[in-house]
Student: 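Please read through the structure below; I'll follow up with questions.
Everything numeric in this text was worked out from a predicted model, so none of it was measured.
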Amino acid sequence: MNLKPLHDRVLVERVGAEDRTKGGIIIPDTAQEKPMEGKVIAAGNGARNETGQLVPLDVKKGDRILFGKWSGTEVKIDGKELLIMKESDIMGIIEK
């Protein structure tokens, strides 16, 4: 299934969290915090400003982003857990 977010929304896949501490202790899934880093899977066309002009998004498909702990709405698509969030929930783009 393909999902195209509307307006200023972005579809994000969380980037996996470390399952071990630096000392080598394995952290069980129930104790792990959800990562606040993800990869943009799809992005909408943009939002409209006060004059009705389309303002394109700053993020694009493939960007690695940082977002807030409680940002977005979790959805399950084709067995994958993804997030849909507004562009304003994104704190920044991680550049290599």
Student: Using every non-hydrogen atom in the two residues, find where Val12 and Gly38 come nearest and quote the distance to one decimal.
Tutor: CG1-CA, 3.9 Å

Student: In Å and rounded to the nearest 0.5 Å, what is the CZ to CD1 distance from Arg14 to Ile65?
Tutor: 10.5 Å

Student: Apply salt bridge (Lys or Arg N to Asp or Glu O under 4.0 Å) to Arg64 and list each qualifying residue two or more places apart in sequence or on a separate chain.
Tutor: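 Partners of Arg64 by the salt bridge (Lys or Arg N to Asp or Glu O under 4.0 Å) criterion, ordered by chain and then number, come out as Glu37.
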
Student: Quick one: list whatever passes salt bridge (Lys or Arg N to Asp or Glu O under 4.0 Å) with Lys60, sequence neighbours left out.
Tutor: Asp63

Student: Roughly how far, to the nearest 0.5 Å, is the CD1 atom of Ile41 from the CG atom of Asn2?
Tutor: 11.5 Å

Student: Of the non-hydrogen atoms in Gly44 and Leu57, which two are nearest, and what is the gap between them?
Tutor: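 Where Gly44 meets Leu57 most closely, the heavy atoms are O-CD1, 3.4 Å.
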
Student: Could you pull out all residues at least two apart from Leu6 that satisfy side-chain contact (heavy atoms from CB on, under 4.5 Å)?
Tutor: none

Student: Kindly give the heavy-atom pair with the smallest separation between Gly46 and Leu54, and that separation in Å.
Tutor: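 That would be O-CD1, 3.5 Å.
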
Student: Any non-hydrogen side-chain atom of His7 less than 4.5 Å from a side-chain atom of Asn45?
Tutor: no

Student: What residues form a side-chain contact (heavy atoms from CB on, under 4.5 Å) with Thr51, not counting sequence neighbours?
Tutor: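 Only Asn49, Gln53 meet the side-chain contact (heavy atoms from CB on, under 4.5 Å) criterion with Thr51.
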
Student: What pairs of donor and acceptor atoms, side-chain ones from residues 82-95 against any protein atom, are under 3.5 angstrom apart with sequence neighbours left out?
Tutor:
unit_1: Glu87; atom_1: OE2; unit_2: Asp58; atom_2: N; d: 2.6

Student: Lys80: which residues meet the salt bridge (Lys or Arg N to Asp or Glu O under 4.0 Å) condition with it, sequence neighbours left out?
Tutor: Glu13

